[in-house]
Structures are given as structure tokens and as C-alpha cells.
Amino acid sequence: MIRDLEFNPAAIEDVPAIWLLLQQGIRLRRSQGSKQWQDGYPNPETVEEDIRQDAGFVLCEGDQVIAYVALMVNGEPEYDNIQQGSWKGVGDYLVFHRLAVSEDYLGHGLGKRMFLEIERHARKLGVKNLRADTSFDNGAMLAIFEKKGYSYCGKVYFRGQERLAYEKVLE
């Protein structure tokens, strides 16, 4: 049973634990035949940069890091180039990237919990637009987008790969 979960900014000491989570995600995506996260990204340097920019956040059970996400306000220049659609919200947005959950906790609802924490963080910052993207073959993330009220907005491109862009406008 999962208890005593805390969502906090990541510290540089968390990088090895975060990198382990991301490696698990990389392996999972590969086993599913996906090209997402198979090109050397993300990597430990990405996580370190997230933390330096105060964008890395961890969900911990006690002192164990069990999930990670990077959160940035207006932090995705590629979102300015959305194609075959448009963003619904206006003004500032909170983008989230590199969401990963420990394979030991898959099936325990931590992905949904992370979405709740992302919303809480946005509200705390006074930001009403949540934006994210994923690969067309990331069924788990696409399902969470649907369940959590995100709308498909169009396509964006990262490192030559097409990504599906989603947004939720908070009330």
C-alpha cells in the first residue's frame, strides 16, 4: 500500500534515482516498439538542467523517489509552431515533460496522481493552461490525457519526430 506521498522540487542528489526511473521508461517504450525516448533523450544531463532551472519535481514515498516530472512556465519554444491545430487557452501555460513512474509502482495510479500534482502546481502559480505532448504510440499517456480532460490541439515536432499536443484549460 502506498502512503505518505510528497511532491517536491527535485534536488541534485535525486539525479541518480530520477535517471533510474527514466531508464525504466526508456526500456518500457522500447519494449512497446516505440521510438519515443530512444535517441539519447532524456539523459542525466537533461535532469540536471531541469533541476538547475527549478523545473524538476519528484513524488516520493518516504525518502524513495517513485515518480518524476519537469514543469516549466512558458518553457517550450516548439509549442509556438503547433501544426494542424491550435492551442485553446491564452496567456501563460505550464508545460510538463519527462513524466516517469517507477516500474515498481505501475498500476497504482501514480500517473493520475502526477497529473493532480501538476494541476496543483499550476494553480499555485496562477497558471490556467496545462500543455503537454506525447508520441502517437504512447497509449498509457493518451488514456490519461483523455481521462483527465485534456483536449487534442494539433502536432508539434521534437528532434524530427511528430508528437501529439494536448492542453487542459483550468477553471
Side-chain angles (χ1 to χ4, degrees), residues 2 4-32 34-82 92-106 108 110-127 129-135 137-138 140-141 144-145 150 156-168:
I2 302 173
D4 299 327
L5 297 180
E6 289 191 27
F7 184 76
N8 293 308
I12 202 72
E13 306 83 59
D14 296 325
V15 170
I18 294 166
W19 177 231
L20 177 64
L21 297 180
L22 289 168
Q23 286 176 304
Q24 292 171 357
I26 290 166
R27 282 193 306 271
L28 177 62
R29 300 301 297 134
R30 183 181 313 121
S31 74
Q32 295 170 335
S34 178
K35 292 184 180 185
Q36 184 180 7
W37 287 8
Q38 303 304 306
D39 62 356
Y41 166 91
N43 53 52
E45 293 78 22
T46 308
V47 175
E48 289 170 6
E49 185 62 22
D50 289 345
I51 293 169
R52 277 193 292 277
Q53 293 183 5
D54 297 323
F57 288 83
V58 291
L59 184 68
C60 296
E61 181 181 35
D63 61 357
Q64 182 179 2
V65 174
I66 60 174
Y68 175 75
V69 69
L71 302 173
M72 295 151 281
V73 176
N74 302 328
E76 188 47 71
E78 294 303 321
Y79 284 6
D80 294 341
N81 302 315
I82 191 166
D92 291 337
Y93 64 89
L94 182 72
V95 60
F96 58 97
H97 286 305
R98 298 178 281 289
L99 177 59
V101 173
S102 168
E103 62 189 13
D104 296 334
Y105 290 81
L106 293 177
H108 288 86
L110 290 186
K112 293 175 190 168
R113 171 67 183 262
M114 290 296 282
F115 271 67
L116 176 65
E117 296 295 349
I118 291 164
E119 283 192 30
R120 285 180 181 157
H121 189 71
R123 290 179 195 284
K124 186 170 93 176
L125 297 173
V127 176
N129 304 305
L130 303 175
R131 296 180 182 170
D133 62 85
T134 194
S135 177
D137 60 3
N138 191 338
M141 186 63 76
I144 293 175
F145 283 149
Y150 283 70
V156 293
Y157 293 84
F158 291 95
R159 296 175 314 285
Q161 293 183 5
E162 181 179 273
R163 311 278 294 202
L164 305 178
Y166 285 81
E167 181 176 43
K168 180 175 183 177

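- Taken from CG in Leu94 to CZ in Arg123, the straight-line distance is 12.0 Å, to the nearest 0.5 Å.
- The shortest side-chain heavy-atom distance between Asn81 and Tyr157 does not fall under the 4.5 Å cut-off.
- No hydrogens or angles considered: nothing links the side chains of Asp14 and Tyr68 as a donor-acceptor pair under 3.5 Å.
- To the nearest 0.5 Å, atoms CD1 (Ile144) and CG (Leu99) are separated by 7.0 Å.
- Taking all atoms of both residues into account, the shortest heavy-atom contact from Ala132 to Phe96 is CB-CZ, 3.4 Å.
- The two residues Ala100 and Trp37 have their closest heavy-atom pair at CB-CH2, 4.4 Å.
- Considering only heavy atoms from C-beta on, Val58 stays 4.5 Å or farther from Glu6 through its side chain.
- Atom-to-atom distance recorded for Gln53:CD and Leu71:CG is 12.5 Å, nearest 0.5 angstrom.
- In this structure, the side chain of Asn43 engages the main chain of Gly40 through a donor-acceptor pair within 3.5 Å.
- With contacts defined as side-chain heavy-atom distances shorter than 4.5 Å, the pair Leu22/Thr46 does not qualify.
- The pair Arg29-Asp137 meets the salt-bridge criterion, with a side-chain N (NZ, NE, NH1 or NH2) lying under 4.0 Å from an Asp/Glu carboxylate O.
- Of the inter-residue distances, the one linking Gln36 atom CD with Thr134 atom OG1 reads 4.0 Å to the nearest 0.5 angstrom.
- Note on residues 43-67: pairs passing ring-ring contact (aromatic ring centres under 6.0 Å, His included), not counting sequence neighbours, are Phe7-Phe57, Phe57-His121.
- Of all the heavy atoms in Val101 and Leu21, the pair that sits closest is C-CD2, 4.2 Å.
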* CA sep, side-chain torsions, deciding dist, call: Asp4, Glu61, side chain to side chain contact (heavy atoms under 4.5 Å, CB included) -> CA-CA 6 Å; Asp4 299 327; Glu61 181 181 35; 5.5 Å; no
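- Within 6.0 Å of atom CG in Asp63, 12 or fewer heavy atoms from other residues, nucleotides or ligands are found, so the atom counts as exposed in its surroundings.
- Remark: the backbone N or O of Gln24 is not paired with any side-chain donor or acceptor of Glu103 at under 3.5 angstrom.
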* List the steps and the verdict of side chain to side chain contact (heavy atoms under 4.5 Å, CB included) for Arg113 and His108. => CA-CA 9 Å; Arg113 171 67 183 262; His108 288 86; over 6 Å; no
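- Note that CG of Leu28 is 7.0 Å distant from CG of Leu106, once rounded to the nearest 0.5 Å.
- The shortest heavy-atom contact between Ile51 and Ala11 is CD1-O, 3.4 Å.
- The two atoms that bring Val15 and Pro44 nearest to each other are CG1-O, 4.4 Å, heavy atoms only.
- Applying the side-chain contact (heavy atoms from CB on, under 4.5 Å) rule to Asn74 yields the partners Asp92, Tyr93; only residues at least two apart in sequence or on another chain are considered.
- Screening residues 64-81 for salt bridge (Lys or Arg N to Asp or Glu O under 4.0 Å) gives no qualifying pairs among residues at least two apart or on separate chains.
- Once rounded to the nearest 0.5 Å, the distance linking NZ of Lys35 with CZ of Arg159 reads 13.5 Å.
- Heavy atoms only, all atoms of each residue included: His97 and Val69 are closest at O-CG2, 3.6 Å.
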* To do: Show your working on side chain to side chain contact (heavy atoms under 4.5 Å, CB included) between Leu164 and Phe145 and close with a plain yes or no.
  => CA-CA 11 Å; Leu164 305 178; Phe145 283 149; over 6 Å; no
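- Contact of the Leu5 side chain with the Ile66 side chain is registered, since non-hydrogen atoms from C-beta on lie closer than 4.5 Å.
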* To do: Start with the C-alpha distance between Gln64 and Tyr105, add both sets of side-chain angles, then the distance that settles side chain to side chain contact (heavy atoms under 4.5 Å, CB included), and finish with yes or no.
  => CA-CA 12 Å; Gln64 182 179 2; Tyr105 290 81; 3.5 Å; yes
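- If you look at Phe115 and Tyr150, their ring centroids are closer than 6.0 Å.
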